[in-house]
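Working notes, beginning with the structure itself.
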Amino acid sequence: MLEEPRSLNFIEEIIADDIENGKIDSLITRFPPEPNGYLHIGHAKSICLNFGLAERFNGKCNLRFDDTNPAKEETEYVESITNDVKWLGFEWASLNYASDYFDQFFKWAIELIESGKAYVDDQSADDIRQNRGTLTSPGTDSPYRHRSIEENLDLFKRMANGEFEEGEKVLRAKIDMSSNNLNMRDPVIYRILKREHHRTGNKWCVYPMYDFAHGYEDSIEGVTHSICTLEFQDHRPVYDWFISNVSTVHTPHQYEFARLNLTYTVMSKRKLLELVSSNIVSGWDDPRMPTISGFRRRGYTPSSIRRFCKEIGVAKSDSLVEVELLHHCLREELNRTSQRAMAVIDPLKVVLDNWPDDFVDEIEAENNPEDANAGSRKIKIGKEIYIERTDFMEEPVKGFFRLSPGKEVRLKHAYIIKYANIIKDENGEIKELHCTVDMDSRGGNAPDGRKIKGTLHWVWTVDAVKSTINLYDNLFLLRNMNDMEDGKDYKDYLNEKSKVVVGNAYIEPILSKAGPFDRFQFLRHGYFCADPNTTMEAPVFNLTVSLKDSWKKEQNK
RNA sequence: UGGGGUGUCGCCAAGCGGUUAAGGCACAGGACUUUGACUCCUGCAUGCGAAGGUUCGAAUCCUUCCACCCCAGCCA
């Protein structure tokens, strides 16, 4: 498909300028996740941005694990992250780890100490916080700020040797305790952490902080444009300070864009982790999670997510994107590519009174009206079928043009049927419906040319396969998760009906042959994908996204 | 009250002193329809946070004001 020309976003403009003005020879970007959780759709925005930039400007994009805090990071996360980036369809120029640079970082820390720009502070974390000052008042110097270079060198080396306990000492950059920017008030650059690192094991017991490490990571990799989210804007002066105060060879620059927020969705790793560990969801890949792996299990395609990221754009204003746009991007693709099939989720038996008792008809059904190459399949019909319970109304409301007393409807691909009567059980519940068939309407066309407005999906009771269908909806009921009432927790807004399991759906026989993740459009319902654990005997399908439904909307008015 | 950002339709987002202020989503009408889907038409900011000013001309420049977001981790 042809890409429509699109105006450049502000980062692309900067890069185009930098190339034109000869500031850079070629572009290098990076996607730098901390391996402390699974990637979510917000990361997808950053991934599409960074890798997309590299593609567009013929540059390179690295995948780099920012693993400077062993207390939070795990190998499970690095595996899921590499997997998700690949699944989204991107290839990194090189796969890097901040921990690969620990030796170099240590040397630069020594260099800062030697030039009098870093010192070991014995203050407690509390004291450091106290002395940092406030937003409106300056901080006060640490009593250890003026230690000699020799003493600092000695102390820092002993910190690295494990001679002190966690919290006893830190290494700080000597910048400006009265800066208006709190990040410049002598930031901590190394802390003691007696933890095993998922890659360096027990080699280190001092670990660098983000502000110190990140620019150096970029510098080492020759990153030209280091792109991060808005909340790091105040860190840019720190980023620049560290790079310019040490003998690096390359100077990268940081640019910030607005992170993605989605309606009805929580996006913070902390909250997602909490949903997982408190078993509110089945795991990071629960189909209701906004994680890449959750979307994958839900049946989303990588291209629909990429498309979404393109549609939302890249800018600097805080935004809250409606999930409907994501749904649109998905449907747009699935409509073109999904094989259609029929599934009855809430079955109501219909007996065709005048259908010859043992007669079974076999009908041709197109697989996808949007795709001439998709071919067709044969479906069978006999005397008894199931239709959707909601497709019949004994007392139809205004505008209802499905089945009701006196009315005719068409069975998709098959025959026109007309209401005869209903049979209720002792509770007054409709047990089954009786209809008559127009045997001359095979294929669905009336021989006399009369118009039939309603068309229903159906399955034959004899060959239909009983199936489990998981219907999913938004995990949360609050449109803007930043609009929580005082004293409430995001968990107070969980949607009780975010997962509804339907155990007695009936599906067309062909669907029972579906393998894990095979996608279909269930006619008049939505797009579904086969569950990873589906079997021929016990098929399971997950709702990916429903079809638009203007009738439902009409009724809710 | 300090610093850093942002304000263009319900939601994103183009716009870069001269355009009738793009486009997408959503929404509302209508056409088509063997999916109340899809598709196709049509409508949807005399207005760009507000007020002043500069200019022949301002969403774009200036001034003041207002609103919202971020920052006081030995997290990233």
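Proteins get letters first, then strands, A, B, ... in listed order; numbering begins at 1 in each. The basis for the numbers below is simple: all heavy atoms, side chains too, and nothing from hydrogens, waters or symmetry mates.
- Per the geometry, NZ belonging to A:Lys45 stands 9 Å off C1' belonging to B:C12, to the nearest Å.
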Quick one: side chains of residues 369-376 of chain A, donor-acceptor pairs under 3.5 Å with protein atoms, not counting sequence neighbours, listed by atom name and distance.
| residue | atom | partner | partner atom | Å |
| --- | --- | --- | --- | --- |
| A:Asp371 | OD1 | A:Asn373 | N | 2.9 |
| A:Ser376 | OG | A:Glu364 | OE2 | 2.5 |

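- Projected onto RNA chain B by closest heavy-atom contact, A:Asn368 and A:Thr263 fall at different nucleotides, the more 5' of which corresponds to A:Thr263.
- For the pair A:Asp186 CG and B:C71 P, the computed distance is 21 Å after rounding to whole Å.
- Pairs passing the side-chain hydrogen bond (donor to acceptor under 3.5 Å, both in side chains) check and including a residue from residues 439-451 of chain A, sequence neighbours excluded, read A:Asp361-A:Arg442, A:Glu408-A:Arg450, A:Asp438-A:Arg450, A:Asp448-A:Arg450.
- Using a 4.0 Å heavy-atom criterion, one finds that A:Val314 contacts the sugar-phosphate atoms exclusively.
- At whole-Å resolution of the value, NZ in A:Lys169 and P in B:C74 are 17 Å apart.
- A donor-acceptor contact under 3.5 Å is not formed by the side chain of A:Asn181 with the base of B:G3.
- Checked against ring-ring contact (aromatic ring centres under 6.0 Å, His included), A:Tyr415 has the following partners two or more places apart in sequence or in another chain: A:Trp355.
- To the nearest 0.5 Å, atom CZ of residue A:Arg56 and atom CD1 of residue A:Ile15 are 10.0 Å apart.
- Using a 4.0 Å cutoff on non-hydrogen atoms, no part of residues 137-145 of chain A comes near RNA chain B.
- For A:Arg158, the salt bridge (charged side-chain N to carboxylate O under 4.0 Å, His left out) partners at least two apart in sequence or on another chain are A:Asp154, A:Glu163.
- Residues forming a salt bridge (charged side-chain N to carboxylate O under 4.0 Å, His left out) with A:Glu34 (at least two apart in sequence, or on another chain): none.
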Practice task
Between protein and nucleotides 36-42 of chain B, map the contacts as a letter string: B base, S sugar-phosphate only, - none, heavy atoms under 4.0 Å, written 5' to 3'.
Solution key: BSB----
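- Summarising the geometry, the separation between CG on A:Asn556 and P on B:C27 is reported as 12 Å, rounded to the nearest angstrom.
- For A:Tyr38, the ring-ring contact (aromatic ring centres under 6.0 Å, His included) partners at least two apart in sequence or on another chain are A:Tyr77, A:Trp284.
- Rounded to an integer number of Å, the gap from A:Asp234 CG to B:G2 P is 15 Å.
- Every ring-ring contact (aromatic ring centres under 6.0 Å, His included) that A:Phe522 has, sequence neighbours left out, goes to A:Phe528, A:Phe541.
- Of all the residues in residues 317-326 of chain A, A:Ser317, A:Asp318, A:Ser319, A:Leu320, A:Val321, A:Glu322, A:Glu324, A:Leu325 reach under 4.0 Å from RNA chain B with at least one non-hydrogen atom.
- Sorted pairs that involve residues 260-269 of chain A and meet salt bridge (charged side-chain N to carboxylate O under 4.0 Å, His left out), not counting sequence neighbours, are lacking altogether.
- A sub-4.0 Å separation between OP1 or OP2 of B:C74 and a side-chain N or O of A:Arg132 is present.
- Judged by distance alone, with hydrogens and angles left aside, the side-chain atoms of A:Glu73 form a donor-acceptor pair with the main-chain N or O of A:Asn69 at under 3.5 Å.
- An OP1 or OP2 oxygen of B:C75 is reached within less than 4.0 angstrom by a side-chain nitrogen or oxygen of A:Arg191.
- B:C66 sits 15 Å from B:A50 when the P atoms are compared, rounded to a whole Å.
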Atom pairs and distances, side-chain donor-acceptor, residues 313-328 of chain A, under 3.5 Å, sequence neighbours left out:
| residue | atom | partner | partner atom | Å |
| --- | --- | --- | --- | --- |
| A:Glu322 | OE2 | A:Arg479 | NH1 | 3.3 |

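- An OP1 or OP2 oxygen of B:C27 is reached within less than 4.0 angstrom by a side-chain nitrogen or oxygen of A:Lys553.
- Both A:Phe522 and A:His328 sit near RNA chain B, but only A:His328 has its closest nucleotide nearer the 5' end.
- Using a 90° window around 0 for the glycosidic torsion, B:G24 falls outside it and is classed as anti.
- Between A:Asn180 atom CG and B:U1 atom P the separation is 14 Å, expressed in whole Å.
- The side-chain heavy atoms of A:Ile385 and A:Leu411, taken from C-beta on, include a pair separated by under 4.5 Å.
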